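As structure tokens, the structure follows; a few thoughts come after it.
A quick note: this is a predicted structure, and the numbers were derived from the prediction, not measured. Lettering follows sequence order; numbering is per chain, from 1.
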Protein chains: 4
Amino acid sequence: MKKEFKKDQILGAASAIFSQKGFHQAKMDEIAVLAKVAKGTLYYNFSSKSKLFAATVTQGLNKIMTQIKEELESDLPFMAHLKGLISCIVRLYISHSEVSRIYANEMSSSIDDQVLVEIKEVRKEFIQFIEDILKTGEEKGYLKPLPHHLSAMAVVGMVDTLCANHLDHPAGSPVEQIIDTIFTILSTGLVADNSFNA
Amino acid sequence: MKKEFKKDQILGAASAIFSQKGFHQAKMDEIAVLAKVAKGTLYYNFSSKSKLFAATVTQGLNKIMTQIKEELESDLPFMAHLKGLISCIVRLYISHSEVSRIYANEMSSSIDDQVLVEIKEVRKEFIQFIEDILKTGEEKGYLKPLPHHLSAMAVVGMVDTLCANHLDHPAGSPVEQIIDTIFTILSTGLVADNSFNA
Amino acid sequence: MKKEFKKDQILGAASAIFSQKGFHQAKMDEIAVLAKVAKGTLYYNFSSKSKLFAATVTQGLNKIMTQIKEELESDLPFMAHLKGLISCIVRLYISHSEVSRIYANEMSSSIDDQVLVEIKEVRKEFIQFIEDILKTGEEKGYLKPLPHHLSAMAVVGMVDTLCANHLDHPAGSPVEQIIDTIFTILSTGLVADNSFNA
Amino acid sequence: MKKEFKKDQILGAASAIFSQKGFHQAKMDEIAVLAKVAKGTLYYNFSSKSKLFAATVTQGLNKIMTQIKEELESDLPFMAHLKGLISCIVRLYISHSEVSRIYANEMSSSIDDQVLVEIKEVRKEFIQFIEDILKTGEEKGYLKPLPHHLSAMAVVGMVDTLCANHLDHPAGSPVEQIIDTIFTILSTGLVADNSFNA
DNA sequence: TATGAATGAGATTTCATTCAT
DNA sequence: CATGAATGAAATCTCATTCAT
């Protein structure tokens, strides 16, 4: 119990520092100080900086996915459900800015191959999660038959970019507008109705 | 002339290494070796690693934007024009994998604030470039009136994610399918026509 | 009794690990695991790594000396006695490879001066033990009058090197040949009889 | 030229420190200070501490072997030649105390396997060198037919132990006595002539 | 008596940057 | 203009030791 407490303390600090400075500029010393443990304790609990990073991302994304699942257990009409999903993802993405910043920024090849694989695994799970929702929608006849994997990534890509931008410029577009824009694109596209004759 | 030649040689090498390994794992030694110049020459031409990085990204994105502009100077009907735009961006993104990998991966806060600003500037230009196209489309009545900046970012986000994935798994979905999916989403959305009554 | 049992368990594990990896690469964690006790228990029984090391070596060499003494309590003719001694040392040295490896390898200055002194003390005792045997042999007229201390060290040096080599390459020369070679050198030297006129 | 100078400077300092403190207690900082170069320069010239250690030992033993070869290019009668050899080895061993201390103390398994192999290689060369001399002596009928490899190691073992002891206690037996003892053992053995009837 | 999570000093190593040539 | 040997600050990680339980 005590041990898990320390681990959480460390993950919290790591999450804060990694999201603020990125993987490479985050220093283990710094994380230790913020977590109020000795540097050795970091290594006692996570065998390397990379592993700590992986654990941070994994824990964060899992939390988000769990929350999304909880919020979506509803019986709304599909369109409302879709809007709910988008709204939910965007809001969680923004409120868990720590994780999402990391997630958006550090998919680079800069980290141990070993660990990168681990992180990509979690990202894959997240995309799969979206993909499953889209698939269900299609099976029920609510969605067009498109390659699920690609549409799922498209959704994630849109959300990623718009939310990352919002986190960078919080004073920019309000969250509601972001959600609306994504919802509109996903439901009817960008194109005006009369254009299809052009 | 000789001088510009060396600079290009360096930028070429830097582009290759940065895209392959990311900013932090790219070593100046390595770049020097690949560029076939001495390490000192790197510093003679670019005052720091960060500046070299910024120059690499800037040059790359500018090349891409120039090419897009060239390819789009046509008088096709709008829908064809839109599809052309998407197709063009996707193909360039993939063929300039060196730049786009960097672009997708290193927007993080891991680099000098100074330089990060510089890079984000170029990215902003790119988004602005898309935004202008969307704006024109709207003014001509082809596109729905949405917040341009947000839709532009949504477009870029989709392209980013799908192309990055394609570069990671070239054997996955074919480029044509990627283009189609993006085009379909942007033109009509994901939702099946009959769903709007649900 | 229970206590002594634990101590022995620890000394056994320590002996195995130290001989396998040497003082510095042996980790206390490792020894604890092999001894099936908690790390704290190591420190409860031996105040430091160095002390544990010293205890390991001391116990080992004492065991060997005791065995040699037991095996040599005989009334054979001197030459047989000498051969017996050599044979006995070599065989024990090889069968107690754990101790002898340590003994041969870690006489370096790398360990606490304090502890090094302690270990050298045991080694001195061992050499003294050989020296006493040689002295007796001389007094009885069996051996040439040579500086005992030096000849004792010469004997130990030969045995050390040849046995260490045998432990490294068990498939090399058979033990019998090693014993014979040492015995021949010690009894008649390397030089052929007719060479003394040369 | 400048570069080789720095390398020599480093090897000199490394030799001094390693022989004084052993591999593990020697700190790279210390060596850098003594060599009057920056720590980075150590790593610029030798890729790791282990490699520096290996280079130090190799260079030292090679110097010794070269000197022995030079000193032995004579046409003395065999017995004089043998005594010359022993005398030469002992004196060089003692005068190059830096190398020989390292050589005697750090054959342990404490260092990278990789590097240990390298060092053992040089030691093997040294033993081979002695072996060749013994072999020639036997072929010319001066020496008894014994397993060369074993006798060579026996010689080296004796020298090792006696010289190491002399370096530890310089006030003990004088060098001449050490040489005489080894020579006597090698030429006629320890055993008194009349013992063979016992 | 025994435990093992926590510690933190200190070691090796890296690499962007400089500057004499 | 170009070079590359030299630098040294700073980062990650190790592990003997401690101490509350």
Side-chain angles (χ1 to χ4, degrees), chain A residues 1-7 9-10 24-32 35-52, chain B residues 2-3 6-7 23-33 36-53 112, chain C residues 2-3 6-7 10 23-33 36-53 112, chain D residues 1-7 10 24-32 35-52:
Chain A
M1 187 166 23
K2 206 65 175 289
K3 189 180 166 183
E4 282 311 310
F5 172 65
K6 280 251 156 114
K7 260 194 164 169
Q9 220 174 347
I10 291 171
H24 282 98
Q25 285 206 335
K27 306 304 166 206
M28 292 301 264
D29 280 282
E30 219 173 3
I31 295 173
K36 285 177 191 162
V37 298
K39 213 192 315 183
T41 309
L42 260 48
Y43 286 90
Y44 185 75
N45 287 282
F46 302 91
S47 56
S48 72
K49 186 185 180 184
S50 298
K51 288 282 185 197
L52 173 56
Chain B
K2 204 64 173 291
K3 184 180 163 184
K6 280 235 160 133
K7 261 194 163 170
F23 180 78
H24 281 99
Q25 287 206 333
K27 309 301 169 210
M28 292 300 264
D29 282 273
E30 221 174 357
I31 295 174
V33 167
K36 285 176 193 164
V37 298
K39 214 190 326 184
T41 310
L42 260 48
Y43 285 87
Y44 186 79
N45 288 280
F46 302 90
S47 58
S48 74
K49 187 185 181 184
S50 298
K51 289 283 184 195
L52 172 57
F53 183 71
D112 292 33
Chain C
K2 205 64 173 292
K3 185 181 164 185
K6 279 236 160 132
K7 261 195 164 169
I10 293 171
F23 180 78
H24 282 97
Q25 288 207 333
K27 308 302 170 210
M28 291 299 264
D29 281 274
E30 222 174 357
I31 295 173
V33 168
K36 286 174 191 165
V37 298
K39 214 191 328 184
T41 311
L42 260 46
Y43 284 88
Y44 186 77
N45 287 280
F46 302 90
S47 58
S48 73
K49 187 186 182 184
S50 297
K51 289 284 184 195
L52 173 56
F53 182 72
D112 291 33
Chain D
M1 189 165 23
K2 204 69 173 288
K3 188 180 166 183
E4 281 312 310
F5 172 66
K6 280 251 155 116
K7 261 194 162 167
I10 292 171
H24 282 97
Q25 286 205 334
K27 307 301 168 208
M28 292 300 264
D29 281 281
E30 222 174 358
I31 295 173
K36 285 175 192 165
V37 298
K39 212 189 318 183
T41 309
L42 260 48
Y43 285 89
Y44 185 75
N45 288 282
F46 302 91
S47 56
S48 73
K49 187 185 179 184
S50 297
K51 288 283 182 195
L52 173 56

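- Each of C:T41 and A:K36 lies near DNA chain E, and the nucleotide nearest C:T41 is the one positioned closer to the 5' end.
- Note that OH of A:Y44 is 11.5 Å distant from NZ of A:K6, once rounded to the nearest 0.5 Å.
- Rounding to the nearest 0.5 Å places CG of C:L42 at 10.5 Å from OG of C:S48.
- Put simply, CG on A:L42 is 15 Å from P on F:dA11, counting in whole angstrom units.
- Here CD1 of D:I10 is found 9.5 Å from CD1 of D:I31. Values are rounded to the nearest 0.5 Å.
- In this structure a side-chain-to-backbone donor-acceptor pair under 3.5 Å is present from B:K49 to B:F23.
- Across the protein-nucleic acid pair, D:L52 atom CG and E:dA11 atom C1' stand 15 Å apart, rounded to whole Å.
- Atom CD1 in D:I10 sits about 11 Å away from atom C1' in F:dA5, given to the nearest Å.
- The NZ atom of D:K7 sits 10.5 Å away from atom CG of D:L52, with the distance rounded to the nearest 0.5 Å.
- Closest contact between the side chain of D:A38 and the listed nucleotides F:dT7, E:dT3, F:dA2 involves F:dT7.
- Between atom NE2 of residue C:H24 and atom CD of residue D:Q25 there is a gap of 5.5 Å, rounded to the nearest 0.5 Å.
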>> What does the B/S/- profile of nucleotides 13-18 of chain F look like, 5' to 3', with a 4.0 Å heavy-atom cutoff to protein?
In response: BBSSBB
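- Pair assignment for E:dA5: F:dT18, on the basis of Watson-Crick or G-U wobble contacts that are both within less than 3.5 Å.
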